[in-house]
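In what follows, a single structure is set out as structure tokens and then discussed.
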2 protein chains.
Amino acid sequence: MIPTDKKEALLAYMEEKGFHATRQRDIILKEFFRKHRHLTIEEWLAEVRKSDPKIGYATVYRTLKLLSECGIAFKREFGGQVRYEHATDHHHDHLICMRCGKIVEFENKQIEILQEKVCKKYQFKLTTHKMELYGICRRCTPSKK
Amino acid sequence: MIPTDKKEALLAYMEEKGFHATRQRDIILKEFFRKHRHLTIEEWLAEVRKSDPKIGYATVYRTLKLLSECGIAFKREFGGQVRYEHATDHHHDHLICMRCGKIVEFENKQIEILQEKVCKKYQFKLTTHKMELYGICRRCTPSKK
DNA sequence: TTGAAAATGAATATGATTATCAATTTCTAA
DNA sequence: TTAGAAATTGATAATCATATTCATTTTCAA
């Protein structure tokens, strides 16, 4: 369920920092990998509490931060809401349905090449970017019958 | 100083809504057009208070919201900070220097065409998008001498 | 097993934004 | 011009998401 390499990365990071393994962190890690989604902290908290209703708000905050520090999670911000998603080794952006909230990850090398071009034009050295496409997904589009 | 058409747009909007003209709104509008920048509310407040130190926080919030409602300003969000910029008739995105905070507006039709393509691929109907390129501007790049 | 260090979770603090409300200002209509 | 209804202001309080504090509990190395 939990990818071995991710688990090891976390343990190595905790070892290095002198952090302790705890029941709560185990639960949160397990729940994090059970869902392949881009959930808000509120939503992750709800998931985690299905396993242990006593887990606190702050612990979820702290543990998601920990997961992003050791490269297991990415912290994202869509429309003012912080979300944590599974880290990937390739860069990707997001397509968001404004009606149902569905989020699709996509990659487009051509766009990234053009972004580099824009930066060159303005003499900027590109470090990172943020791109979100907002629209209406197929399921939310009224059919034309 | 204040573009006539913008001033008229605001007056028409206020007329329609039954809003009153006030000294504070005049000052804020004037200051808004004095600066061609993407300032935060905090920063606009500071500008406005140079003309009238008694103007309150809430008034600036409300008036910038008013300006965006009638199409004079655009509300933006960079890195968790809300900013208000001059409205333009063409869509544009932003290039942001991570060191000095310099913001450059740019337009790139090719990227927008590719964004449409991505949406088509995932069967989304594109409504709007958000793209920010973060980097280091020329002035902030150490020269290689 | 023990004690130092870290983690938890409840509560509180913070920072940005929004709402409340009494006092003031604007504007319409007589 | 003026009265009064409606809107605005600005100080303050409320809200919301996130971060911090701290006493208690847990972990882990010796």
Side-chain angles (χ1 to χ4, degrees), chain A residues 7 10-32 38-70 73-85 101, chain B residues 10-32 38-70 73-84 101:
Chain A
K7 178 87 186 185
L10 177 61
L11 290 176
Y13 183 77
M14 296 210 304
E15 171 72 29
E16 179 200 329
K17 294 278 182 178
F19 293 163
H20 293 171
T22 66
R23 185 177 48 80
Q24 290 88 341
R25 285 177 176 163
D26 278 353
I27 289 171
I28 294 168
L29 185 69
K30 201 176 67 205
E31 290 305 321
F32 182 72
H38 310 74
L39 305 187
T40 62
I41 287 170
E42 197 86 32
E43 289 164 345
W44 283 122
L45 179 70
E47 289 303 318
V48 161
R49 284 194 171 160
K50 289 179 187 168
S51 288
D52 181 348
K54 302 220 131 195
I55 286 182
Y57 227 95
T59 302
V60 174
Y61 263 92
R62 285 183 286 226
T63 305
L64 286 171
K65 192 179 169 211
L66 175 65
L67 294 185
S68 72
E69 279 163 12
C70 69
F74 284 162
K75 183 179 181 178
R76 300 277 191 175
E77 265 186 70
F78 302 148
Q81 289 226 271
V82 169
R83 294 170 184 278
Y84 283 90
E85 65 179 33
Chain B
L10 177 60
L11 290 175
Y13 183 78
M14 296 210 305
E15 171 72 31
E16 180 201 329
K17 293 279 183 178
F19 292 164
H20 293 173
T22 66
R23 184 176 49 81
Q24 289 88 340
R25 285 177 177 164
D26 279 350
I27 289 171
I28 295 168
L29 185 68
K30 201 176 67 203
E31 290 305 322
F32 183 72
H38 311 72
L39 304 186
T40 62
I41 287 170
E42 197 84 32
E43 289 164 346
W44 283 121
L45 179 70
E47 289 302 318
V48 160
R49 283 194 172 161
K50 289 178 187 169
S51 288
D52 181 348
K54 301 219 132 195
I55 287 182
Y57 227 95
T59 302
V60 174
Y61 264 91
R62 285 181 288 225
T63 305
L64 287 171
K65 193 179 168 211
L66 176 64
L67 295 186
S68 73
E69 279 164 13
C70 69
F74 283 160
K75 184 179 181 179
R76 300 277 191 175
E77 263 186 73
F78 302 148
Q81 289 226 270
V82 169
R83 294 170 185 278
Y84 282 90

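Side chains included, hydrogens not; waters and symmetry mates left out as well; all remaining heavy atoms used. In what follows, chains are A, B, ... by sequence order, proteins preceding strands, each numbered from 1.
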- Quick one: list whatever passes side-chain contact (heavy atoms from CB on, under 4.5 Å) with S68(A), sequence neighbours left out. A73(A), Y84(A)

Which pairs would a plain distance check flag for residues 15-26 of chain A, meaning a side-chain donor or acceptor within less than 3.5 Å of a matching protein atom at least two apart in sequence or in another chain?
unit_1 : atom_1 : unit_2 : atom_2 : d
T22(A) : OG1    : R25(A) : N      : 3.1
R23(A) : NH1    : D52(A) : OD2    : 2.5
R25(A) : NH1    : H20(A) : O      : 2.8

- Within-4.5 Å side-chain heavy-atom neighbours: E31(A) and I28(A): no

- Item | Nucleic acid footprint by protein, nucleotides 8-18 of chain D - heavy-atom cut-off 4.0 Å, B for base, S for sugar-phosphate alone | SBBB-----SB

- By salt bridge (Lys or Arg N to Asp or Glu O under 4.0 Å), which residues pair with K50(B), not counting sequence neighbours? E47(B)

- Among K75(A), E43(A), E77(A), whose side chain to side chain contact (heavy atoms under 4.5 Å, CB included) with R83(A) holds? E43(A)

- Mind checking what makes salt bridge (Lys or Arg N to Asp or Glu O under 4.0 Å) contact with R76(A), not counting sequence neighbours? E85(A)

- Item | Distance in angstrom units between L11(A) CG and dT27(D) P, rounded | 15 Å

- Query: Is there a donor-acceptor pair closer than 3.5 Å between any side-chain N or O of T59(B) and the backbone N or O of I55(B)?
  - Reply: no

- Message: Which residues pass the side-chain contact (heavy atoms from CB on, under 4.5 Å) test with Y61(B), not counting sequence neighbours?
- Response: I41(B), Y57(B)

- Note on the structure: The first and last nucleotides of DNA chain C lying within contact of chain B, meaning any atom under 4.0 Å from one of its heavy atoms, run from dA16(C) to dC27(C)

